[in-house]
Amino acid sequence: MLREIDRRVRYLRKRLEDVKVVDYSPEQEGRVFFGAWVEVEDVEGDTKAFRIVGYDEIYDRKDYISIDSPMARALLKKSEGDEVVVATPAGEAVWYITKITYSTP
């Protein structure tokens, strides 16, 4: 357990040198960009909610997805009410954006 913690601390120390804070801009309101909390619903009514972050911010979080993921790439620059088609190993999945916010839900 301590070995994993030490490894994570070393990794984060190296990453701190490259970290850049992305400030919120009012122009982002109503559209999906980095840092957004997004709620989506599929055609069957199932919903998911998550935040779009950098890959190294996800560590042990179930409600964060990487900006590099297929879902996040499909959502970028979209607005509430938009339909999004996401390529998955099982085929294309259709999602509808129901909510976008930049504050913790």
Side-chain angles (χ1 to χ4, degrees):
M1 177 77 160
L2 287 177
R3 185 174 300 184
E4 291 178 31
I5 294 170
D6 286 340
R7 182 176 54 84
R8 182 73 177 158
V9 168
R10 279 192 309 276
Y11 171 77
L12 291 174
R13 281 189 180 152
K14 289 179 184 177
R15 291 291 299 149
L16 277 175
E17 298 169 7
D18 299 325
V19 170
K20 179 181 177 188
V21 175
V22 179
D23 292 323
Y24 170 77
S25 169
E27 296 169 0
Q28 295 173 222
E29 199 62 40
R31 295 181 61 196
V32 179
F33 290 100
F34 186 86
W37 285 95
V38 183
E39 187 175 294
V40 294
E41 183 176 338
D42 67 7
V43 293
E44 296 167 358
D46 295 328
T47 62
K48 292 183 184 270
F50 44 79
R51 186 173 194 187
I52 299 175
V53 297
Y55 72 91
D56 53 351
E57 296 177 74
I58 298 174
Y59 190 73
D60 219 17
R61 296 285 305 253
K62 304 292 185 217
D63 57 345
Y64 282 10
I65 64 170
S66 170
I67 188 82
D68 299 321
S69 69
M71 174 68 92
R73 287 178 183 240
L75 289 169
L76 285 177
K77 299 183 182 177
K78 299 290 192 280
S79 302
E80 288 184 25
D82 285 354
E83 179 181 294
V84 178
V85 179
V86 181
T88 69
E92 292 184 338
V94 178
W95 294 89
Y96 300 93
I97 302 172
T98 57
K99 186 175 181 182
I100 302 168
T101 184
Y102 285 89
S103 59
T104 305

For the residue pair [X] and [Y], what are the closest heavy atoms and their distance?
X     : Y      : answer
Phe34 : Tyr102 : O-CE2, 3.9 Å
Ser79 : Arg31  : OG-CG, 3.5 Å
Arg73 : Asp68  : NE-O, 3.2 Å
Lys77 : Phe33  : CG-CE2, 3.7 Å

(request) Flag yes if more than 12 heavy atoms outside Glu92 fall under 6.0 Å of its CD atom; otherwise flag no. (result)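 Not more than 12 within 6.0 Å, no.
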Is the backbone N or O of [Y] less than 3.5 Å from a side-chain atom of [X], with the two atoms forming a donor-acceptor pair by type?
X     : Y     : value
Thr98 : Glu39 : yes
Glu80 : Gly30 : no
Arg51 : Trp37 : no

Sub-4.5 Å side-chain heavy-atom contact between [X] and [Y]:
X     : Y     : answer
Ile67 : Tyr55 : no
Val9  : Ile5  : yes
Glu41 : Trp95 : no

(request) Could you tell me the separation between the NZ atom of Lys14 and the CG atom of Asp56, rounded to the nearest 0.5 Å? (result) 13.5 Å
(request) Mind checking the OH-CD1 spacing from Tyr64 to Ile52? Nearest 0.5 Å is all I need. (result) 12.5 Å
(message) Testing Leu76, Val40, Ile97 one by one against Val84 for a side-chain contact (heavy atoms from CB on, under 4.5 Å), which residue passes?
(response) Ile97
(message) Which residue is it: Val86, Leu75, Thr88, Ile65? I am looking for the one with a side-chain contact (heavy atoms from CB on, under 4.5 Å) to Pro70.
(response)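 The passing option is Val86.
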